[in-house]
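Here the structure is a predicted model, which means the values were calculated and not measured.
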Amino acid sequence: MAWVLLIIAGLLEVGWSIGMKYTDGFTRLWPSLATGAGIVASMLLLSYAARTLPIGTAYGVWVGIGAAGAAVLGMVVLGEPATAARIFFVCLLVVSVVGLKLTSGH
């Protein structure tokens with residue numbers, strides 16, 4: 001169950017990090033509220049997952065999902081450059097997340 005919570009927390013991190021782009025520096029009410037709720041929910045789920053998973057693994061996976069997801073959505077949705085180098089390094093993030101999962105002992 002901890003892994004499920006952690007994956008959901010990571011996906012929420014993707015959502016709130018992309019959401020920050022739409023808050024206009026937290027000057028727009030609804031995007032700001034949605035982003036804030038995403039931050040709180042993501043952190044809460046991370047803390048629940050960290051009850052049973054090693055914190056280094058939980059945090060690393062959470063950050064990796066968030067970073068890779070935000071980078072991919074940035075390229076696909078926000079029109080950020082999708083260079084071969086960026087795609088390569090996003091793939092390295094994914095490999096790192098999988099590696100942390102496989103070596104966590106849980």
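Between G64 and V97, the shortest heavy-atom distance links the atoms CA-CG2, 3.6 Å. When all heavy atoms of V94 and A68 are compared, the pair lying nearest together is CG2-CB, 4.2 Å. Scanning all heavy atoms of the two residues, the minimum distance from S32 to T27 falls at OG-N, 4.1 Å. In terms of heavy atoms, A58 sits closest to L53 at CB-CB, 4.3 Å. Heavy-atom minimum distance, L6 versus A49: CB-CB, 3.9 Å. Nearest heavy atoms, E13 versus G66: OE1-CA, 3.5 Å.
Here CZ of R28 is found 10.0 Å from OG1 of T35. Values are rounded to the nearest 0.5 Å. Atoms OH and CG, on Y48 and L5 in that order, are 9.5 Å from each other to the nearest 0.5 Å. To the nearest 0.5 Å, the span separating CE on M1 from OG1 on T52 amounts to 10.5 Å. Separation of atoms OG1 (T83) and CZ (F88) is listed at 11.5 Å; rounding is to 0.5 Å. Taken from CD1 in I18 to OG1 in T23, the straight-line distance is 12.0 Å, to the nearest 0.5 Å. Here the CG-OG1 distance, from L102 to T57, works out to 11.0 Å after rounding to the nearest 0.5 Å.
Contact check for M43 versus W16: no side-chain heavy atoms found under the 4.5 Å cut-off. Residues L12 and L45 meet the side-chain proximity criterion, which asks for heavy atoms closer than 4.5 Å.
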**Message:** For a side-chain contact (heavy atoms from CB on, under 4.5 Å) check, start with the C-alpha distance between S47 and L44, then their side-chain angles and the critical distance, and finish with the verdict.
**Reply:** CA-CA 5 Å; S47 71; L44 188 63; 4.2 Å; yes
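Formation of a donor-acceptor pair under 3.5 Å by the S42 side chain with backbone atoms of A9 is found in this model.
Around CE of M75, the count of heavy atoms belonging to other residues, nucleotides or ligands within 6.0 Å exceeds 12.
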